[in-house]
Novice: 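Just dropping this structure here.
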Amino acid sequence: MEKPNDTNFITNTIDKDNSTKKFGGRVHTRFPPEPNGYLHIGHAKSICLNFEIAKKYNGKCNLRFDDTNPEKESEEYINSIKRDVAWLEYNWDEIHFASDYFNELYTYAIELIKNNYAYIDSSSAEEIKKLRGTLTEPGINSKDRNRPTEESLRIFEEMRNGNYEEGEYVLRLKIDMSSSNINMRDPVIYRIKKIRHHRTGNDWQIYPLYDFTHCISDAQENITHSLCTLEFEDHRELYDWIIEKIQHKNKPQQIEFARLMLENNVMSKRKLAELIESKNVDGWDDPRMPTISGLRRRGFTPNSIKDFCSRIGVTKKNSFIEMGVLENTIREELNLSAERVMGVLDPLKVTISNYPKDEEEVVKAPNNPSNKNSYRNINISREVYIDRSDFMEIPEKKYFRLSPGKEVRLRHAFNITCQKVIKNAKGDITELDCTYDSESRDINKGNKVKGMIHWVNAKDCIDVQINLYDRLFTEANPKGLESFNEDSLVEKNNAKIENNVNIDNYDKRYQFERVGYFIRDKKSKDNIIIYNQIVSLKDTWKNKKG
RNA sequence: UGGGCCGUCGCCAAGCGGUUAAGGCAUCGGGUUUUGAUCCCGACAUACGUAGGUUCGAAUCCUACCGGCCCAGCCA
């Protein structure tokens, strides 16, 4: 594995902080997902960043669920997120929930009201929106902005007790309605929501909003570097304002980085959900999905994902990463570790007419070219299957696989020559009549041939379905479903694989020689054995042809 | 049109006033290899969004432009 690229503008900042003892040389990060959906590769970038930084500086990294909106959140998501983080082999030092701080948050809110930094507003959502101003015009103070402290305190408590309906009142920070930073125009920090929370049940009728919750949660956990994505840059001023006004002893530093975007893919929960709802994919863990669960089912390993994250770097520049970078990481890992077997996607029957009927022999084939001492045995007899793509009746230039009259080697076995092409009434090729050169079992004795193709023994190969995957969209930056790649899934229903494959092992990744890397689909039905193509082998021949 | 950010090779990304402007992916040559894979070797930015300026010296500092992203949820 490559040495991870573990320095970036954030570690530079931390180095500086450490040298000035800003946090006493301490480093404490956190990964703060909202449990309202499944994690994707973009989250993996954040997970790797936060946990790797903690590791690098002998610090800590917490897992914290930002669960302040019970409407969208659930236990199911909490569990899936925990599972995904654990699958990536990261161990959080502490696990917290923003909802654990509801009491402290409430107390801080009261303090802010008392200090004239917050007030209860009876304005409707529409009124608040109207008075907020625009990007170029300042906002206007709410009629309730100077509500007496005692009154705000009383209403706030009544809100908590459930005396009011949703929308009747909100608690707002009193900052500056004319600020050029719209986040500072008296942001709402508490709203009434008469919804049962998945962790606090019916204890609360009011729930704090992100801006109020996040900074205080960080401070409570004594986080030093609060890493988040670019869209929160404008919120930093508010983050710092709140920490200052509540006079918290801890002052975490928020640092923003660019979120991950992949070419020919989408990353937003909404767009991912669209793919599912439109039935273009079969769920959050469809092997084409950029979700952690999708990647896992596809056959990616935790290491390959971490390797990917270290390769793409961390900056403040919005950019799209080519899918090839991701694919390359798993290809590189599997090249070293995956055992080799053979499998044909589109079987074409080959009868070796001069091979004795009812006879069979065993050939040896290395499990991995890196270890010449580990072999597997493969049976071969009179009938084999090869891939249709390895035969061309009228070969194009430089095609050095099988064609009429041509000799190629069956990998690990011997050379065969195509004598006759057999077709059905429609003119489709149904079978090839070939002869073999028994001398060529010894690789030094047969003719030197340029073509080498893979095959399976007809008598004992295993019938499987092989799923080939490609990028989800044809456009680099998809706007919507219009550019969905209809060929993103190709099912090879008649595929056949060598019987050395352990079909009961759902975790073992194989290289089907000359084709790609495969893993048994965890969702295979009992009657159909499905193998997922994790990634193909590089194919410069295909590239050259254009 | 207010504010906050960003612009170094096709895609990422080092670089922090003096370097031949790292590295990875991709691409293109060549070698090894009976996986058109792997592996190895080589090529690949006189150029850092543009234009000025400061300086003996600038991708690095200053100014002005140009281009892109984000912000007007009682979402996070």
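Proteins get letters first, then strands, A, B, ... in listed order; numbering begins at 1 in each. What's counted below: heavy atoms across the whole structure, side chains too, no hydrogens, waters or symmetry copies.
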Novice: Return yes if some donor-acceptor pair links the side-chain N/O of A:Gln254 with the main-chain N/O of A:Phe232 below 3.5 Å, else return no.
Specialist: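 A pair under 3.5 Å: yes.
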
Novice: Considering only atom P, compute the distance from B:rU50 to B:rA58 and round it to an integer number of Å.
Specialist: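 Straight-line distance between the two P atoms is 15 Å.
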
Novice: Considering only heavy atoms and no angle criterion, is a donor-acceptor pair shorter than 3.5 Å present between the side chain of A:Arg401 and the base of B:rG36?
Specialist: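 Looking at the base of B:rG36, it does pair with a donor or acceptor on the side chain of A:Arg401 (distance under 3.5 Å).
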
Novice: How far does the P atom of B:rG2 sit from the matching atom of B:rA64, given to the nearest Å?
Specialist: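 Rounded to whole Å, the distance is 14 Å.
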
Novice: Any salt bridge linking A:Lys445 with A:Asp437? Criterion: basic side-chain nitrogen under 4.0 Å from a carboxylate oxygen.
Specialist: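 Answer for the salt bridge query: no.
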
Novice: Would you give a per-nucleotide map of nucleotides 71-76 of chain B, 5' to 3', where B means the base has a protein non-hydrogen atom under 4.0 Å away, S means only the sugar-phosphate does, and - means neither?
Specialist: BBSBSB

Novice: Looking at RNA chain B, which of residues 317-326 of chain A put a heavy atom within less than 4.0 Å of it?
Specialist: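 Residues of residues 317-326 of chain A that come under 4.0 Å of RNA chain B are, in numerical order, A:Lys317, A:Asn318, A:Ser319, A:Phe320, A:Ile321, A:Glu322, A:Val325.
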
Novice: In whole Å, what separates the C1' atom of B:rG24 from that of B:rC44?
Specialist: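 Nearest-Å result for B:rG24 against B:rC44 at atom C1': 14 Å.
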
Novice: Going by the salt bridge (charged side-chain N to carboxylate O under 4.0 Å, His left out) test, which pairs reach into residues 158-179 of chain A, not counting sequence neighbours?
Specialist: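 Listed by first then second residue: A:Asp121-A:Arg172, A:Arg154-A:Glu158, A:Glu165-A:Lys194.
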
Novice: Base, sugar-phosphate, or nothing: which does A:Gln511 touch, judged by heavy atoms less than 4.0 Å apart?
Specialist: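 A:Gln511: base contact, heavy atoms under 4.0 Å.
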
Novice: Whole angstrom is fine here: how far is it from CZ in A:Arg259 over to P in B:rC6?
Specialist: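 Value for this atom pair: 17 Å.
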
Novice: C1' atom, B:rA45 versus B:rU8: distance in rounded Å?
Specialist: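 Between the two C1' atoms, the distance is 8 Å.
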
Novice: Give me the atom names and distance for the closest heavy-atom approach of A:Leu39 to A:Pro33.
Specialist: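 Smallest interatomic distance, heavy atoms only, reads CD1-CB, 4.4 Å.
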
Novice: Where each residue is assigned the nucleotide of RNA chain B containing its nearest heavy atom, which of A:Glu237 and A:Tyr399 is assigned the position nearer the 5′ end?
Specialist: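 So the residue in question is A:Glu237.
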
Novice: Of the candidate nucleotides B:rA14, B:rU38, B:rG15, which contains the atom at the shortest distance from the side chain of A:Thr315?
Specialist: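 Between B:rA14, B:rU38, B:rG15, the one nearest the side chain of A:Thr315 would be B:rA14.
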
Novice: Figure out the NZ/C1' separation between A:Lys316 and B:rC12, and round it to whole Å.
Specialist: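 Value for this atom pair: 18 Å.
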
Novice: Taking a pair as Watson-Crick or G-U wobble with both distances under 3.5 Å, which nucleotide is matched to B:rU55?
Specialist: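 Per the H-bond distance test, none.
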
Novice: Against A:Tyr207, only a single residue in A:Tyr101, A:Tyr190, A:Phe102 fulfils ring pair (Phe, Tyr, Trp, His ring centres under 6.0 Å); can you say which?
Specialist: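 Looking at A:Tyr101, A:Tyr190, A:Phe102, the match for A:Tyr207 under the ring pair (Phe, Tyr, Trp, His ring centres under 6.0 Å) is A:Phe102.
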
Novice: Scan A:Arg340 against the nucleic acid and name what it touches under 4.0 Å (heavy atoms): base, sugar-phosphate only, or nothing.
Specialist: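 A:Arg340: base contact, heavy atoms under 4.0 Å.
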
Novice: Give me the distance, rounded to whole Å, that separates B:rG36 from B:rG15 when you measure between the P atoms they each carry.
Specialist: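 So the two P atoms sit 41 Å from each other.
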
Novice: Check this for me: does any side-chain nitrogen of one of A:Glu513 and A:Arg411 sit under 4.0 Å from a carboxylate oxygen of the other?
Specialist: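 Yes, A:Glu513 and A:Arg411 are salt-bridged.
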
Novice: Could you tell me whether A:Arg199 and A:Glu73 have a side-chain N and a carboxylate O separated by less than 4.0 Å?
Specialist: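 Looking at A:Arg199 and A:Glu73, the cut-off is not met.
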
Novice: B:rG36 phosphate, OP1 or OP2: any side-chain N/O from A:Arg514 under 4.0 angstrom?
Specialist: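 Answer is yes, contact under 4.0 Å.
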
Novice: Identify the nucleotide, in any strand shown, that forms a Watson-Crick or G-U wobble pair with B:rC28, with both distances under 3.5 Å; if there is none, say none.
Specialist: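 B:rC28 is paired with B:rG42.
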
Novice: Can you find a side chain N or O atom of A:Thr136 that sits less than 4.0 Å from OP1 or OP2 on B:rG3?
Specialist: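 False: A:Thr136 side-chain N/O out of range (4.0 Å or more) of B:rG3 OP1/OP2.
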
Novice: Would you call the rings of A:His235 and A:Tyr210 parallel, tilted or perpendicular, taking 30° and 60° as the class edges?
Specialist: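 Rings of A:His235 and A:Tyr210: perpendicular, over 60°.
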
Novice: What does B:rC5 pair with, Watson-Crick or G-U, if both distances are under 3.5 Å?
Specialist: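 For B:rC5, the partner nucleotide comes out as B:rG68, under the 3.5 Å rule.
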
Novice: A:Val314 near the nucleic acid: base, sugar-phosphate alone, or nothing, with a heavy-atom cut-off under 4.0 Å?
Specialist: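 Answer is sugar-phosphate: A:Val314 comes under 4.0 Å of backbone atoms only.
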
Novice: Sort and list the pairs that fulfil salt bridge (charged side-chain N to carboxylate O under 4.0 Å, His left out) and have at least one residue in residues 181-191 of chain A, not counting sequence neighbours.
Specialist: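 Residue pairs passing salt bridge (charged side-chain N to carboxylate O under 4.0 Å, His left out), neighbours aside: A:Arg145-A:Asp186.
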
Novice: What residue pairs, at least two apart or across chains, pass salt bridge (charged side-chain N to carboxylate O under 4.0 Å, His left out) with a residue in residues 337-348 of chain A?
Specialist: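 Only A:Glu339-A:Lys508, A:Asp346-A:Lys492 qualify under salt bridge (charged side-chain N to carboxylate O under 4.0 Å, His left out).
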
Novice: With syn defined as a glycosidic angle within 90° of 0 and anti as everything else, classify B:rG52.
Specialist: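 Glycosidic conformation of B:rG52: anti.
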
Novice: Kindly write out the residues that satisfy side chain to side chain donor-acceptor pair (under 3.5 Å) with A:Ser46, not counting sequence neighbours, or none if the list is empty.
Specialist: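 So A:Ser46 forms a side chain to side chain donor-acceptor pair (under 3.5 Å) with A:Asn50.
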
Novice: Given the P atoms of B:rC62 and B:rC5, what is the spacing between them in whole Å?
Specialist: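 About 14 Å, rounded to a whole number of Å.
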
Novice: For nucleotides B:rC48 and B:rC6, find the distance between their C1' atoms and express it as a whole number of Å.
Specialist: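 Each nucleotide's C1' atom is 15 Å from the other's.
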
